[in-house]
Amino acid sequence: MTTSIKTRFAPSPTGHLHIGGARTALFNWLFARRCGGRFVLRIEDTDVDRNLAGAEDKIREDLDWLGLTPDESPWTGGPDGPYRQSERLDIYTQYARRLLDAGAAYYAFDTPEELAAMRERARAEKRSFKYARPTALPSEQEAARARAEGRPVVIRMKAPDRDVTVPDVILGDVTIRAEELEDFVIVKANGYPTYHFAVVVDDELMHISHVIRAQEHLMNTPKHMALQDALGFRRPVYAHVPIVMNLDGTKMSKRDKHKAVRTRVQEWLKSGKWTRADLAGAAGIDEAAAARWLDRADVEMDGEQLARVAAALDVTPPEIEVYDFRRAGYLPETVLNFIALVGWSPGEDREKMTLDEMVSLFSIERIGRTSARFDREKLLAFNTDACAAATPARLMDAFRDYARLSRSPMAGLDDATLSRALEACRGLRTFHDVDVKVGVLFAPDDAVKYEPDAVRKVLARHEGRGYAMLEALLPALETFQPWTAESTDTSIKSFCESRGAKLADAAQPLRVALTGRTISPAIGETLALIGREAALRRVRRCLAMRTRAAGN
RNA sequence: GUCCCCAUCGUCUAGAGGCCUAGGACACCGGGUUUUCAACCCGGCGACCGGGGUUCGAAUCCCCGUGGGGACGCCA
């Protein structure tokens with residue numbers, strides 16, 4: 001049992017799953033599957049302030065969508081639970097006691113302000129700060145007294161006094177010199193364990209054999225090893241994977257979304273296009289909260305609020321979290337395939353893979369050492385290919401999920417119509433494309449927004465040539481029989497022929513009349529999808545609008 | 001600033017001393033197809049960060065430099 005393979009993914013419940021986190025989860029999941037081992041999901045909720053209500057459900061939802069289901073987790077249970085750190089507090093206390101008794105850890109009473117001042121002084125003197133271990137360690141009595149006096153009491157772990165070498169399967173041996181190591185807090189003043197402490201205890205108790213995590217944790221590992229040694233724990237195999245970056249080389253962060261929206265808000269405020277009240281209104285929050293968000297880079301509004309503001313501003317914030325990609329209309333299998341390739345490669349120029357194929361191809365040794373940039377263009381291309389390759393049933397299923405989330409007018413379509421619409425969208429890149437291309441056909445007439453550019457170019461130009469065409473076409477349209485894609489297509493073509501016009505001369509004005517834009521499936525297909533009644537109605541409506549505009 | 005990691009086309013990467021005139025994918029450029037958007041087809045451009053070694057031979061090994069990234073929290 002002790003020799004069996006077990007990996008874990010341990011997010012903190014702060015919101016939807018970050019794409020980088022998803023990749024870490026995927027690697028852990030793949031490795032466990034590959035080895036016939038188990039995959040554990042543990043919730044690291046030891047920061048009372050940062051925990052967000054509902055975040056755990058979001059993570060679960062994202063993982064489910066991707067298909068990375070855990071074998072053990074807070075919601076599936078398992079032999080080594082509980083899987084929420086906040087429910088394991090007594091366990092940590094027990095081990096902290098052991099460290100204290102062994103003299104491996106000690107009480108400390110510094111206030112956050114004092115610590116900040118020490119760090120500040122060190123910076124002013126241009127030396128690096130290192131916590132100075134007191135020569136005489138505080139006793140239990142002194143700790144009790146400090147507590148009684150209202151001072152914060154934490155427990156610090158003694159850093160090892162010799163060099164530590166981290167054995168890493170990706171990076172090789174990494175040695176950190178003893179003087180770089182510092183005594184670190186393992187139990188906070190509020191009694192909660194810190195990440196370092198909880199991780200080590202849980203990985204041991206949960207029999208984790210391989211720790212696959214982001215490279216930003218590399219320098220934490222000596223701390224974890226010190227804890228393992230002091231507690232007599234096993235040493236899991238470590239694999240630190242390179243960090244996922246933005247195309248510009250900065251770290252991919254949730255804040256990027258806020259930054260993008262914030263920038264646009266600022267532009268609009270400056271140009272007088274918007275007021276702070278508009279912002280608050282769009283977000284659905286009060287003005288004070290809106291102002292705080294606007295002025296401080298570290299303040300975030302929730303995902304839904306941000307999405308509303310972004311929509312009002314007509315900007316698309318970068319997709320960062322798994323849920324962003326889902327809502328943007330990507331297939332989960334594409335996301336999985338693509339993120340697997342960010343930092344890992346099976347070799348032999350292999351790129352397109354199903355999850356099952358990845359399982360059989362995966363190995364930690366083939367994970368790279370270089371930080372990799374996340375290229376959305378390539379993801380888009382992957383998704384395009386995946387949609388083209390997907391079976392109609394799969395596509396329909398995935399689209400329904402998208403339509404529900406994005407409140408598409410296509411959400412309620414019956415199977416036959418939806419499959420027809422999807423077929424008409426062959427070549428789609430994301431489901432958002434489908435929504436753009438055929439969504440309006442299923443929306444109420446008044447949802448049609450006539451784009452000024454389209455109207456000018458296709459209808460109004462050359463003394464209203466497009467409108468004239470519509471007027472001529474309307475009576476013919478009324479006689480089209482039967483109303484199918486093939487038949488209406490033929491009818492329009494012969495209509496054009498009889499007038500010595502090109503197909504585009506009729507198709508484009510019709511497209512604009514029906515959708516308000518120049519984007520839609522082939523014209524016959526468009527007519528079939530929208531239906532006879534709606535088609536005639538929208539053409540008449542479009543012509544009536546022109547008359548009204550001319551009257552002004 | 002200190003410590004750590006990394007370094008092949010613009011991007012993700014293949015490459016584990018001769019198979020490399022460095023391969024693939026995306027992007028890009030040119031052309032084709034086309035009633036719009038997209039898709040699709042054909043062709044093209046394009047990289048071993050620099051300098052020293054080691055070796056008969058280096059993208060591959062070593063050293064230095066440079067560049068990028070990460071960590072330095074009672075965050076995880």
Side-chain angles (χ1 to χ4, degrees), chain A residues 10-12 14 44-47 49-50 108 110-112 115-116 119 122-123 126-130 152-156 166 168 170-172 174-177 179-182 184-196 198-199 213-220 240 242-243 245 247 249-251 338 341-352 368-382 384-385 387-388 425-429 433-434 436-437 454 458 489 492-493 496 502-508 510-512 515 517-524 526:
Chain A
S12 55
T14 56
E44 311 227 319
D45 53 352
T46 55
D47 185 344
D49 297 329
R50 274 205 343 174
D110 316 87
T111 65
L115 286 166
R119 292 197 178 95
R123 190 145 40 105
K126 289 196 164 87
R127 27 165 260 269
S128 61
F129 172 76
K130 187 172 163 182
V153 177
V154 303
I155 301 175
R156 272 184 194 265
V166 179
D168 185 288
I170 296 172
L171 266 13
V174 178
T175 301
I176 288 94
R177 286 198 315 275
E179 51 272 35
E180 300 298 330
L181 274 14
E182 158 180 60
F184 55 99
V185 175
I186 56 171
V187 177
K188 308 178 196 182
N190 66 3
Y192 275 70
T194 60
Y195 159 76
H196 304 298
V199 149
R213 53 161 45 151
Q215 225 173 77
E216 63 201 35
H217 289 296
L218 180 62
M219 300 307 276
N220 291 330
H240 289 95
I243 293 172
M245 317 264 271
L247 219 45
T250 56
K251 198 170 163 184
F338 185 73
L341 258 18
V342 179
W344 173 75
S345 159
E348 291 173 357
D349 296 331
R350 189 82 190 271
E351 285 203 318
K352 300 292 170 56
R369 286 165 297 274
T370 326
S371 61
R373 295 165 195 233
F374 192 90
D375 185 354
R376 287 184 182 74
E377 294 280 4
K378 184 157 178 174
L379 171 67
L380 230 207
F382 265 51
T384 307
D385 293 347
C387 286
C425 289
R426 242 180 315 168
L428 77 154
R429 297 140 59 97
D433 287 353
V434 174
V436 167
K437 197 165 179 175
V458 178
D489 188 66
I492 288 186
K493 277 177 179 153
C496 289
K502 288 179 297 185
L503 179 55
D505 296 334
Q508 284 300 80
L510 199 45
R511 218 181 307 266
V512 174
T515 69
R517 291 181 308 193
T518 58
I519 301 170
S520 91
I523 199 64
T526 302

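The chains referred to below are lettered A, B, ... by the order of the sequence lines, with proteins before strands, and numbering in each begins at 1.
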By nearest-nucleotide position on RNA chain B, the 5'-leaning member of A/A108 and A/P242 is A/P242
With a non-hydrogen cut-off below 4.0 angstrom, is A/A504 in contact with a base, only sugar-phosphate, or nothing?
sugar-phosphate
For B/G43, the Watson-Crick or wobble counterpart (both distances under 3.5 Å):
B/C29
When you check every protein heavy atom under 4.0 Å of nucleotides 25-33 of chain B, what one-letter string (B, S, -) results, 5' to 3'?
BS-------
Can you tell me how far P in B/A22 sits from the matching atom in B/G44, rounded to whole Å?
15 Å
Minimum side-chain heavy-atom gap A/L247-A/R376 below 4.5 Å
no
Do A/N220 and A/V199 have side-chain heavy atoms sitting under 4.5 Å apart?
no
Nearest-neighbour nucleotide for the A/S12 side chain, B/C74, B/U35, B/A76 considered:
B/A76
Base, sugar-phosphate, or nothing for A/V154, non-hydrogen atoms under 4.0 angstrom?
base
Could you identify the nucleotide paired to B/A14, looking across every strand shown and requiring Watson-Crick or G-U wobble geometry with both distances under 3.5 Å?
none
Between atom CG in A/L247 and atom C1' in B/U11, what is the gap in whole Å?
6 Å
Roughly how many Å apart are B/C45 and B/G51, using the C1' atom of each and rounding to a whole number?
29 Å
Please classify the nucleic acid contact of A/D505 as base, sugar-phosphate, or nothing, using heavy-atom distances under 4.0 Å.
nothing
Whole-Å distance, A/R376 CZ to B/C12 C1', equals 14 Å
Tell me: CD of A/E180 to P of B/C5, nearest whole Å?
12 Å
Which comes earlier along RNA chain B counting from the 5' end, the contact point of A/A372 or that of A/K493, where each point is its nearest nucleotide?
A/A372
Compare side-chain N and O positions of A/R517 against OP1 and OP2 of B/U36 and report whether any pair is under 4.0 Å apart.
no
What is the distance from CG of A/D349 to P of B/U13, rounded to the nearest Å?
14 Å
Identify whether the distance between the nearest side-chain nitrogen and carboxylate oxygen of A/E348 and A/R350 falls below 4.0 Å.
no
Identify the pairs formed between an N or O of the protein and an N or O of nucleotides 61-70 of chain B at a distance under 3.5 Å, and give each distance.
none

A/R517 side, atom CZ; A/K437 side, atom NZ - distance, nearest 0.5 Å
11.5 Å
For the pair made of CD in A/E348 and P in B/U13, what is the distance, rounded to whole Å?
18 Å
A/S345 side chain: which of B/U13, B/C74, B/A76 is closest?
B/U13
Nearest of B/C74, B/U11, B/C3 to any side-chain atom of A/R177?
B/C3
Between A/I523 and A/A507, the two heavy atoms sitting closest are CD1-O, 3.6 Å
Would you mind classifying the nucleic acid contact of A/D49 as base, sugar-phosphate or nothing, using non-hydrogen atoms under 4.0 angstrom?
nothing
Quickly work out the A/L218 CG to B/C4 P distance and round it to whole Å.
11 Å
Taking atom P of B/U34 as reference, at what distance in whole Å does atom CD1 of A/I523 sit?
18 Å
So, does A/T46 get its side chain near the phosphate of B/A76, meaning an N or O under 4.0 Å from OP1 or OP2?
yes
With both distances under 3.5 angstrom, what nucleotide forms a Watson-Crick or G-U wobble pair with B/U36?
none
Contact between A/V512 and A/T518 at the side-chain level, heavy atoms closer than 4.5 Å - yes or no?
yes
Have a look at A/R123 and say if it touches a base, only the backbone sugar-phosphate, or nothing, with a 4.0 Å heavy-atom cut-off.
nothing
How far does the C1' atom of B/U55 sit from the matching atom of B/C61, given to the nearest Å?
10 Å
Separation between CZ of A/R156 and CZ of A/F184, rounded to the nearest 0.5 Å
10.0 Å
Base paired to B/U60 (Watson-Crick or G-U; both N/O distances under 3.5 angstrom)
none
Atom OH of A/Y195 to atom C1' of B/C72: distance rounded to whole Å?
15 Å
Scan A/P521 against the nucleic acid and name what it touches under 4.0 Å (heavy atoms): base, sugar-phosphate only, or nothing.
base
Taking a pair as Watson-Crick or G-U wobble with both distances under 3.5 Å, which nucleotide is matched to B/U55?
none
Side chain to side chain contact (heavy atoms under 4.5 Å, CB included) assessment of A/V154 paired with A/T194:
CA-CA 10 Å; A/V154 303; A/T194 60; over 6 Å; no
Of the candidates B/C74, B/U36, B/U2, the side chain of A/P112 sits closest to B/C74
Is there side-chain contact between A/I170 and A/H240, with at least one heavy-atom pair below 4.5 Å?
no
Under 4.0 angstrom, heavy atoms only, what part of the nucleic acid is A/S520 near: base, sugar-phosphate, or nothing?
base
Hey, does the side chain of A/T526 reach the backbone of A/P521 with a donor-acceptor pair shorter than 3.5 angstrom?
yes
Taking atom C1' in both B/G23 and B/U60, compute the distance separating them and give it to the nearest angstrom.
15 Å
Classify A/T526 by what it touches in the nucleic acid, base, sugar-phosphate, or nothing, heavy-atom distance under 4.0 Å.
nothing
Please work out if A/G368 contacts a base, only the sugar-phosphate, or nothing of the nucleic acid, heavy-atom cut-off 4.0 Å.
nothing
Are the side chains of A/L341 and A/P346 in touch, meaning some heavy atoms are under 4.5 Å apart?
yes
Select base, sugar-phosphate, or nothing to describe what A/H240 touches, counting heavy atoms under 4.0 Å on all strands.
nothing
With sugar-phosphate meaning primed atoms plus P, OP1 and OP2, does A/D47 contact a base, only sugar-phosphate, or nothing at under 4.0 Å between heavy atoms?
sugar-phosphate
Touch class at under 4.0 angstrom, heavy-atom based, for A/R369 against every strand present
sugar-phosphate
Could you check which nucleotide pairs with B/A7 in any of the strands shown, counting Watson-Crick or G-U wobble with both distances under 3.5 Å?
B/U66
A/R127 CZ: over 12 foreign heavy atoms closer than 6.0 Å:
yes
For B/A39, take OP1 and OP2 only and decide whether either is under 4.0 Å from a side-chain N or O of A/K437.
no
Criterion side chain to side chain donor-acceptor pair (under 3.5 Å) on A/T14 and A/R50, from CA distance to verdict:
CA-CA 6 Å; A/T14 56; A/R50 274 205 343 174; 5.2 Å; no
In the structure shown, which nucleotide is the Watson-Crick or G-U wobble counterpart of B/A22, with both distances under 3.5 Å?
none
